[in-house]
Amino acid sequence: MAPTSSTNRGRRRVVLLPLPYQGHINPMLRLAVALHSRGLAVTILHPETRAPDRRKLPADYRLVTIPDSIPPELAASEDIASFVFALNKNCAAPFRDYLAGALREEEDGHVAFVVADVDWFAPLSVARELGVAALALMTSSAARFLVYLAYPSLCHKGYLPVQESNFNTTVEELPPFLVRDLDRVMDMARHLAYADLLAHIVAGVRQSSGLIINTSEDMEGMEIERIRSEIARPVFAVGPLHMMTPSLSVHSSLLTEDRSCLDWLDTQRPNSVLYVSFGSLVGIDTDEFLEMAWGLADSQRPFVWVVRPGLVHGCELSALPEELQEKIGSRGRVVSWAPQQEVLKHPSVVAFLTHCGWNSATESISEGVPMICRPLSSDQMGTSRYVCDVWKVGVRVEVENQLKRGGVQAAITRLMEGKEGEEVRERMKDLRHAMSKCTDEDGTSDVALQRLVDFSV
Ligand code: UDP
């Protein structure tokens, strides 16, 4: 039950607007928990599309639905740029009505500031026009935001749209990236639409009251400094946000978790199981799916694999061929969605074969689980570069044109056997330790979070 207005009157309130994709909802709700635990009241404004489950959120959070008028076909499509533009366009007026009302009444407490996902940029200017501080949340890395900032000049200099012939060219302006680490939007119309979206995102941040990033000084100190100097706005590196909240305190899964894999993990030997997941968005083709499955089978190691509906293009529910199922036997467990943080925490899990989504990478580091990287799109190639070549806490699956089972097996062997794997595991321990120092009391992320709690303009 929501508290009475008198409980909230006079309390500082933060209004949060998560973009309705799993990899964006999770960090925003973790930020909500972190701010709430430091005394702020929380309102979450969400579009009708993919609304969070009220029952899974703390009772005293206010949830407000914003009409988005987005056709279900667009919401279900892979055209994220068009969805994001529509969301910004359609929700600006309802957001203005909501905020104007909240400022008039103040029954729910004083709106201290608004935090909107960088992709949901329209509310930032609406809030500012109404005299409310508005901060943007970058749910991915600082390095990724530097790509956003550099995008026009990368286009101008011919790095973008990327061409395969340039894949191994160094991007001088953005070390340590090679061209292959940038967005692979090869189609010109899509490239232009994406460049336009990023221009809006960057403009939104430049006009905001500040930028919050789901990263820490220890992981990306230089990148954060560079953003500070380029946008001349306060920057708050308050992450990784899942480490800033009481353990597993937010349940924001859009899909139903299959928790039976935890029981199965209990039956496995310590440090033996590979966890395999490609996050909530990317799709792979049937060939890649089968090669991945054969690679896992040939590795002879136990695994838990998240095959969510829609992972394999054109198949709602993907089953492994019988021959493969026989070979794997009871060694592999396929689930449609896992309680990922709990899986990564489990003592049986030894490595994470991941698409390198930013949340997945940081969740893996916080549990000290080394990674086997198979990035597929957007920020994943860049994150894989940091994991494999900067922090050196993972190895990549080598792929020439098409993923092959031998490449999967070779990467697993590199990480699990021999000196290289040992060194990776040692470095992972160090990085994990450094990250927990940042997020512990008086660590840099903790201090940045307190600065945010006290924020006013
Ligand atoms: N996740 C989960 N269960 C799964 C797979 C993923 O709970 O079976 C969560 C994961 O913990 C992470 C988020 O979904 O917080 C995925 O975000 P990420 O940035 O890694 O990838 P994206 O989905 O944005 O590509």
Side-chain angles (χ1 to χ4, degrees), residues 18-33 50 52-53 56 78 80 83-84 117-119 137-145 183-184 213-215 219 239-245 247-262 264-265 273-284 303-312 317-318 333-346 349 352-367 369 371-384 386-387 394:
L19 193 76
Y21 290 99
Q22 192 71 67
H24 293 250
I25 292 174
N26 287 1
M28 185 67 91
L29 292 186
R30 289 162 181 167
L31 178 65
V33 175
R50 292 189 281 269
D53 186 343
K56 293 185 187 162
E78 290 183 10
I80 294 173
F83 175 83
V84 168
D117 192 292
V118 290
D119 287 75
L137 172 66
M138 179 69 188
T139 57
S140 184
S141 63
R144 179 65 178 165
F145 193 71
D183 297 88
R184 299 194 188 164
I213 314 181
N214 185 20
T215 191
M219 296 173 79
L241 281 159
H242 69 280
M243 295 176 74
M244 302 300 292
T245 56
S247 140
L248 308 170
S249 54
V250 218
H251 298 282
S252 51
S253 245
L254 293 167
L255 293 170
T256 307
E257 292 171 345
D258 180 346
R259 300 185 61 82
S260 68
C261 58
L262 295 171
W264 182 81
L265 282 170
V273 179
L274 298 170
Y275 171 58
V276 186
S277 165
F278 299 98
S280 61
L281 276 177
V282 292
I284 56 178
F303 63 86
V304 171
W305 186 2
V306 179
V307 181
R308 55 155 226 281
L311 171 70
V312 186
L317 286 172
S318 316
R333 183 90 185 187
V334 174
V335 291
S336 58
W337 195 247
Q340 177 159 306
Q341 279 185 267
E342 287 170 81
V343 169
L344 288 169
K345 261 184 208 306
H346 198 284
V349 170
F352 183 8
L353 202 169
T354 172
H355 71 312
C356 279
W358 183 245
N359 294 293
S360 292
T362 53
E363 288 161 15
S364 202
I365 296 168
S366 68
E367 299 308 328
V369 177
M371 284 167 264
I372 300 167
C373 304
R374 169 53 176 148
L376 287 147
S377 65
S378 67
D379 60 347
Q380 299 152 23
M381 286 81 69
T383 301
S384 167
Y386 275 75
V387 168

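Counting convention: from 1, in listed order, for ligands and their atoms alike. Being a predicted model, the structure only gives us computed values, none of them experimental. For the single chain, residues carry numbers from 1 onward in sequence order.
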When you check the side-chain N and O atoms of [X] and [Y], is any donor under 3.5 Å from an acceptor?
{"X": "His242", "Y": "Ser366", "result": "yes"}
{"X": "Trp337", "Y": "Ser253", "result": "yes"}
{"X": "Arg333", "Y": "Ser260", "result": "yes"}
{"X": "Asp379", "Y": "Ser140", "result": "yes"}

Taking only heavy atoms of [X], which atoms of ligand 1 are found under 4.0 Å from at least one of them?
{"X": "Ser277", "value": "5 (C)"}
{"X": "Gly357", "value": "18 (P), 19 (O), 20 (O), 21 (O)"}
{"X": "Gly279", "value": "23 (O)"}
{"X": "Asn26", "value": "9 (C), 12 (C), 13 (C), 14 (O), 15 (O)"}

For [X] and ligand 1, answer yes if some heavy atom of the residue is under 4.0 Å from a ligand atom, otherwise no.
{"X": "Gln22", "answer": "yes"}
{"X": "Trp305", "answer": "no"}
{"X": "Val282", "answer": "no"}
{"X": "His355", "answer": "yes"}

Handout entry: Geometric cation-pi criterion Arg374 and Phe352, 6.0 Å radius, 45° cone
Key = no
Practice task
Kindly confirm or rule out a cation-pi arrangement of Arg50 over Tyr21, judged by NZ or CZ under 6.0 Å from the six-membered ring centre and within 45° of its axis?
Solution key: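 Judged by the rule (NZ or CZ under 6.0 Å from the ring centre, within 45° of its axis), Arg50 counts as positioned above Tyr21.
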Suppose we measure from [atom] to each protein heavy atom; which comes out shortest, and what is that distance?
{"atom": "atom 19 (O) of ligand 1", "value": "Asn359 ND2, 2.8 Å"}
{"atom": "atom 20 (O) of ligand 1", "value": "Ser360 OG, 2.6 Å"}
{"atom": "atom 1 (N) of ligand 1", "value": "Trp337 CZ2, 3.3 Å"}
{"atom": "atom 24 (O) of ligand 1", "value": "Gly23 CA, 3.5 Å"}
{"atom": "atom 11 (O) of ligand 1", "value": "Glu363 OE1, 2.6 Å"}

Exercise for the section: With Asn26 as reference, evaluate Met28, Arg30, His24 under the side chain to side chain contact (heavy atoms under 4.5 Å, CB included) test and give the passing residue. Expected result: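 When side chain to side chain contact (heavy atoms under 4.5 Å, CB included) is applied between Asn26 and each of Met28, Arg30, His24, only Arg30 qualifies.
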Handout entry: side-chain contact (heavy atoms from CB on, under 4.5 Å) between Trp358 and Thr215, worked out
Key = CA-CA 9 Å; Trp358 183 245; Thr215 191; 3.8 Å; yes
Handout entry: Option whose closest heavy atom lies nearest to atom 7 (O) of ligand 1, chosen from Ser377, Ala338, Ser280
Key = Ala338
Exercise for the section: Just go through Arg30, Gln340, His242 and tell me whose heavy atom is the nearest to atom 6 (C) of ligand 1. Expected result: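 Answer by nearest heavy atom: Gln340.
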Problem - Polar side-chain atom of Asn359 near backbone of Gly23 as donor-acceptor pair, under 3.5 Å - result: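 Yes, the answer is positive, given that a donor and an acceptor are paired below the 3.5 Å cut-off.
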Problem - Sidechain-backbone polar pair: Glu342 side chain, Pro339 backbone, donor-acceptor under 3.5 Å - result: no
Handout entry: Which segment of Val306 sits under 4.0 Å of ligand 1 when only heavy atoms are counted
Key = side chain
Exercise for the section: Measure Trp358 to ligand 1 on non-hydrogen atoms and call it side chain, backbone, both or neither using the 4.0 Å cut-off. Expected result: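 Looking at Trp358 and ligand 1, just backbone atoms fall under 4.0 Å.
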Problem - Sidechain N-carboxylate O distance under 4.0 Å for Asp183, Arg144 - result: yes
